[in-house]
Amino acid sequence: MRDWLDWHTAYDEAGSPLSRRLEIVQGHIRSWLREQQDRPVRVVSACAGQGRDLLEVLATEPSAPSVRARLVELDPRSVDIARQAAHAAGLPGVEVMCADAGWIEAYIGAIPADLVLMCGVFGNISDDDIHRTVDCLPQLCSPGATVVWTRSRRAPDITPAIRRWLTEAGFTERAFDAPSDALVAVGVHRFAGQPVAAAAGQRMFEFIV
């Protein structure tokens, strides 16, 4: 089994694929947050790890008090780190839940969300589970919500299929970053369909790494 606490150290390695991905994801989160013009918003993050993608942005944004967020992470060590980071940054609106992010009920009470983060998820689940998760996203989204997702473009590159599945699920693409200096990909999609009531007891995905 992978040691997820050790895995996070690559975020601090300059030029690593993870640090490059983090930079791109944070840029999209920051741009999205500034578009909200301080209106109250909800954010959910699946397999949030230490929450660096969201928490490091909120720590520097004046509009952070308008954000209510739930970060869902199964590794209790990472949960503790994320909770400490949220507390240190003065973010009382951030909840870090120790739970399996693959189950819909982990999000009930925090959805429908205006921003859904699926970063570090699609590279650790089966292709069938990616498709199933995309089909479940309308259960997490408010009208017009934004979804940010990541996936490696390492062969066989499944990102074209993910983009197609998102379109079929009612999303429109706002951005797709595929930097030349790394195999990471970051997608940003806006939900243009009709929200669906959350179905408790439904599994979206299961980690296979």
Side-chain angles (χ1 to χ4, degrees), residues 1-33 41-111 113-125 129 133 140 146-152 182 184-188 203-209:
M1 293 294 292
R2 176 176 288 172
D3 186 328
W4 291 105
L5 192 65
D6 181 66
W7 178 87
H8 279 80
T9 60
Y11 279 120
D12 296 315
E13 298 173 6
S16 72
L18 276 183
S19 67
R20 187 75 177 96
R21 189 184 82 182
L22 179 63
E23 176 187 9
I24 297 170
V25 169
Q26 287 182 337
H28 285 300
I29 293 174
R30 184 172 289 105
S31 295
W32 176 85
L33 191 60
V41 292
R42 284 183 169 186
V43 180
V44 294
S45 178
C47 303
Q50 298 171 10
R52 296 182 60 165
D53 48 9
L54 179 64
L55 298 180
E56 290 180 1
V57 173
L58 292 181
T60 61
E61 287 296 317
S63 60
S66 65
V67 176
R68 295 293 176 266
R70 178 179 293 178
L71 283 59
V72 184
E73 169 58 41
L74 188 59
D75 179 9
R77 300 168 300 172
S78 293
V79 168
D80 287 343
I81 291 171
R83 285 173 176 166
Q84 292 169 20
H87 178 74
L91 300 171
V94 173
E95 171 193 10
V96 186
M97 175 183 286
C98 189
D100 186 341
W103 290 97
I104 286 287
E105 54 256 45
Y107 307 92
I108 292 176
I111 53 175
D114 304 293
L115 176 65
V116 176
L117 302 178
M118 285 280 169
C119 302
V121 178
F122 292 165
N124 297 292
I125 63 179
D129 274 6
T133 300
L140 305 183
T146 293
V147 174
V148 180
W149 59 274
T150 65
R151 167 70 196 223
S152 170
V184 301
V186 178
V188 181
R203 177 175 276 283
M204 296 185 290
F205 61 82
E206 185 173 1
F207 259 42
I208 57 176
V209 175

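All of these numbers come straight from a predicted model, not from anything done at the bench.
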Checklist line | Residue of the set Val67, Val43, Val25 for which side chain to side chain contact (heavy atoms under 4.5 Å, CB included) holds with Leu54 | finding: Val43
Note to self: Counting C-beta onward and ignoring hydrogens, is there a side-chain heavy-atom pair between Phe122 and Thr133 closer than 4.5 Å?
What the structure shows: yes
Check: What do the steps show when you test Asp80 against Arg77 for side-chain contact (heavy atoms from CB on, under 4.5 Å), and what is the final call?
Finding: CA-CA 5 Å; Asp80 287 343; Arg77 300 168 300 172; 5.8 Å; no
Notebook entry, point to check: What distance separates Glu206 CD from Asp100 CG, expressed to the nearest 0.5 Å?
Noted result: 7.5 Å
Notebook entry, point to check: If you round to the nearest 0.5 Å, how far is CZ of Arg83 from CD of Glu95?
Noted result: 8.5 Å
Check: What heavy-atom pair brings Gly49 and Ala82 nearest, and what distance separates the two atoms?
Finding: O-CB, 4.1 Å
Item checked: Atom of Glu73, atom of Ala48 and distance for their closest heavy-atom approach -> OE1-N, 3.5 Å
Checklist line | Distance-minimising heavy-atom pair for Leu58 and Ala64 | finding: O-CB, 3.3 Å
Notebook entry, point to check: Can you tell me how far the CZ atom of Arg52 sits from the OG atom of Ser78, to the nearest 0.5 Å?
Noted result: 11.0 Å
Notebook entry, point to check: If you take all heavy atoms of Met97 and Val79, which pair is closest and at what distance?
Noted result: O-CG2, 4.3 Å
Check: Once you round to the nearest 0.5 Å, how far does CG of Leu33 lie from CG of Asp114?
Finding: 11.0 Å
Next item on the list: Could you walk me through whether Leu117 and Leu71 pass side-chain contact (heavy atoms from CB on, under 4.5 Å), step by step?
Entry: CA-CA 9 Å; Leu117 302 178; Leu71 283 59; over 6 Å; no
Checklist line | Side-chain heavy atoms of Ile125 within contact of Phe207, under 4.5 Å | finding: yes
Next item on the list: Give, for atom CZ of Arg21 and atom OG of Ser16, the distance between the pair rounded to the nearest 0.5 Å.
Entry: 10.0 Å
Notebook entry, point to check: So, the side chain of Thr150 versus the backbone of Gly120: is there a donor-acceptor pair under 3.5 Å, distance only?
Noted result: yes
Margin query: Is it true that Ser66 and Ser63 share a donor-acceptor pair across their side chains at a distance under 3.5 Å?
Written below: no
Next item on the list: Could you tell me whether the side chain of Asp53 and the main chain of Leu22 form a donor-acceptor pair under 3.5 Å?
Entry: no
Check: If you look at every heavy atom in Val184 and Pro17, which pair is closest and at what distance?
Finding: CG1-O, 3.6 Å
Notebook entry, point to check: Passes side-chain contact (heavy atoms from CB on, under 4.5 Å), Glu23 versus Arg20? Steps please.
Noted result: CA-CA 5 Å; Glu23 176 187 9; Arg20 187 75 177 96; 3.1 Å; yes
Check: Between Val148 and Leu115, does a side-chain contact (heavy atoms from CB on, under 4.5 Å) hold up when you go through it step by step?
Finding: CA-CA 8 Å; Val148 180; Leu115 176 65; 4.1 Å; yes
Check: Side-chain contact, heavy-atom cut-off 4.5 Å: Val72 with Val44?
Finding: no
Next item on the list: Give a yes or no answer on whether the side chain of Arg70 reaches the backbone of Arg42 with a donor-acceptor pair at less than 3.5 Å.
Entry: no
Item checked: Donor-acceptor pair, side chain of Arg151 and main chain of Ala185, under 3.5 angstrom -> no
Next item on the list: Kindly compute the distance separating CG (Leu55) from CD (Gln26), expressed to the nearest 0.5 Å.
Entry: 9.5 Å
